[in-house]
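Just so we're on the same page: letters track the sequence lines, and every chain starts at 1. The model shown is predicted, which means the values in this text are computed figures rather than measured ones.
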Amino acid sequence: MDLQAIAFYTLAAVMLAAAGLVVTARNPVHSVLFLILAFFSGAGLFVLLGAEFLAMLLIVVYVGAVAVLFLFVVMMLDVDFVSLRSGFAQYMPIGLVVSGLLLVEMVMVSGAVASSGAASRVKAAAETGQSNIEQIGRVLYTDYVYFFQAAGLVLLVAMIGAIVLTLRHKPGVRRQNIADQTARTRKSGLSIVKVATGEGISE
Amino acid sequence: MGDIQDFWGTPAGWTVITLGEVLLVVVGVLISLAFLLLADRKVWAGVQMRKGPNTVGAFGLLQSFADFIKFLLKEIVIPAGADRTVFLLAPLVSFVLAFIGWAVIPFAPGWVVSDINVGILYLLAMSSLGVYGIIMGGWASNSKYPFLGSLRSAAQMVSYEVSIGFIIVTVILLTGSMNLQTIVEHQSGGFWNWNVFGGGLEKNWPMAFVMVPMMVMFFISALAETNRPPFDLPEAESELVAGYQVEYSSTPYLLFMIGEYSNIVLMCAMISILFFGGWQAPFPTPSLAGWAPILSGLFGLLWFAIKVVFWFFMFAMIKAIVPRYRYDQLMRLGWKIFLPTSLVAVAVVAGWRIFTSV
């Protein structure tokens, strides 16, 4: 067994175990930590495939940013486990149907990809001599540039929607205005008052 | 002789060589950290007109080693309500993540553990993972101050990663590569070819007006990313006692501290590589090709070390002379100033590259 095979089986085993523990862990924070471990092993598998750019993106975007915010939210929410588990038997059939459907779809997709010779295409891509950054760039920004831009627009709309939904203007809140503060001079901010002894200052 | 040559070619031989390289880098970085930590304290003391550590060894040179032994011999206290596994895992994560970034750092021509194509993305990824040690430690302590500190640091580090990412993109656009070795080689032939002055090629000098501010912003973002003063809000001692480190003692605390300093030095190495030519000397070195590989390697290592130590000195001076930021101002700086500025810089550099390459 060569090093690649050892690495593959280790990463794959860790990923599957972590994925299982995401669902079964009692503490939601532990679940998120296992999810991060699964992402990480997935990135390792990408590296083994020769897709190091995708691997790094997976770590930077999912592990470095999305999962942090996820962890952030799970830690802040005080989740009540007992009430969460109370409806378990009631919702199980729906869950089973959904996950069964997903499983069938995944098997069909991977079967179709494998039968059309995906493995040979990975090799062909590696033999062109281009790094996979160049290849991904060519596909995204040259071949499918309009679809890519459209996807970006969809995300932009979603982002604006999220901002609009959460934006609140509270009246009467005093905010710091940095420009005003730095524009203050001695003349505009300071006045010297002669105060008569024992009388104080009146407005 | 032939047998040994064959052995190095096998997977086992490759594993032995790589392990040896990793050990060499880790031990080298750890020993330099011991002295850099002392230098940090000495600089800080100098600014405050104190002497700093001066008792253990000549000029206090062995102070870090004495501290090391002290930390090892103390008792590990685990709070009663703490999540034991995560509590002990957090400093380990912090320590390990701080060191695996060094795998792609080119110390000298050809002296790099793993010369991967996406080296700079790898560095960005590893520095973005550093937040996990802090956030896990803060949560697992099951205590209010650590938790507040870790929440602050999570938001802070995620915010500044964005601007660091964009600044790195400007460098990638100038050099046209994500491989750190290529980025350093691109800046050869004197300090006027360094990326901070537009990355050479004679015609790129106007880019210096973009890259100098980018360098300054990278430095400030690096301060925020490593939770150094003036952005040390996760451990602000005046309000949060010591933030996420409150409940830590002994070896776990030591791991946190070494991890933090390793990250700082890694950031110094990054700024040297991205903007100041890494191991390149600041003057043309045409005669270097005739030198023995080991000598030219040491020559490169010397320049790299000088640059890293200079930036570490800057980190130490900032810690000594700049007062701490307020949290909302920190967020304002990251999102409202650095993010738009770096985005504009990416557009300007990309436009420049397109219109001058024709």
Side-chain angles (χ1 to χ4, degrees), chain A residues 1-7 25-30 32-37 39-40 43-44 46-47 50-76 78 126 130-137 141 175-179 181-182, chain B residues 10-15 18 83 85-86 89-90 93 97 104 114 116-132 134-136 138-140 142 147-148 150-159 161-162 164-165 168 172 176-179 182 326 328-329 332-333 336-337:
Chain A
M1 209 155 68
D2 57 351
L3 282 174
Q4 279 208 345
I6 297 173
R26 292 185 158 267
N27 191 329
V29 174
H30 291 177
V32 179
L33 291 177
F34 281 122
L35 183 68
I36 292 159
L37 183 60
F39 279 150
F40 209 81
F46 271 131
V47 171
E52 68 266 14
F53 182 67
L54 280 183
M56 292 307 144
L57 277 195
L58 185 67
I59 293 186
V60 172
V61 176
Y62 282 93
V63 183
V66 174
V68 171
L69 296 180
F70 213 44
L71 198 60
F72 201 86
V73 171
V74 170
M75 282 177 178
M76 300 264 275
D78 202 10
Q130 291 176 323
S131 69
N132 54 56
I133 305 164
E134 286 170 296
Q135 289 178 358
I136 291 172
Y141 293 101
R175 288 185 191 281
Q176 183 178 21
N177 190 338
I178 304 277
Q181 276 186 1
T182 45
Chain B
T10 61
W14 178 85
T15 313
T18 313
D83 186 324
T85 328
V86 181
L89 203 61
V93 165
L97 286 176
V104 294
S114 173
I116 56 175
N117 270 335
V118 286
I120 190 136
L121 270 182
Y122 175 86
L123 269 184
L124 184 69
M126 292 310 136
S127 70
S128 71
L129 289 183
V131 65
Y132 280 110
I134 294 174
I135 199 169
M136 281 161 74
W139 176 78
N142 196 15
F147 190 53
L148 286 173
S150 71
L151 289 184
R152 274 186 178 186
S153 103
Q156 173 179 337
M157 290 172 85
V158 170
S159 315
E161 224 161 73
V162 182
I164 283 194
I168 286 177
I172 296 173
S177 172
M178 293 195 189
N179 181 310
T182 318
R326 213 173 60 202
D328 60 321
Q329 289 176 338
R332 177 179 167 272
L333 185 71
K336 291 190 180 169
I337 299 176

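- For B:M157, no part sits under 4.5 Å from any heavy atom of chain A, backbone or side chain.
- In terms of heavy-atom proximity, A:V63 sits nearest to B:L129 at CG1-CD2, 3.1 Å.
- To the nearest 0.5 angstrom, B:N117 atom CG is 6.0 Å from A:I133 atom CD1.
- Within the 4.5 Å cutoff, the side chain of A:E52 has no heavy atoms near those of the B:I116 side chain.
- Residues A:V29 and B:M136 fail the side-chain proximity criterion, which asks for heavy atoms closer than 4.5 Å.
- With chain B as the partner, the residue from A:V47, A:I59, A:L69 showing the most heavy-atom pairs under 4.5 Å is A:I59.
- Heavy-atom distances place both the backbone and the side chain of A:A67 under 4.5 Å from chain B.
- Contacts with chain A were tallied for B:A125, B:G130, B:S127; B:A125 has the most, counting heavy-atom pairs under 4.5 Å.
- Interface remark: B:T85 contributes no atoms to any contact with chain A (heavy atom separation under 4.5 Å).
- Of all the listed residues (B:V86, B:V131, B:L121, B:T15), the one sharing the greatest number of non-hydrogen pairs under 4.5 Å with chain A is B:L121.
- Proximity to chain B is absent for every atom of A:L58, based on heavy atoms less than 4.5 angstrom apart.
- Separation of atoms CG (B:D328) and CD1 (A:I178) is listed at 7.5 Å; rounding is to 0.5 Å.
- The minimum heavy-atom distance linking A:G64 with B:E161 is given by the pair O-OE1, 3.9 Å.
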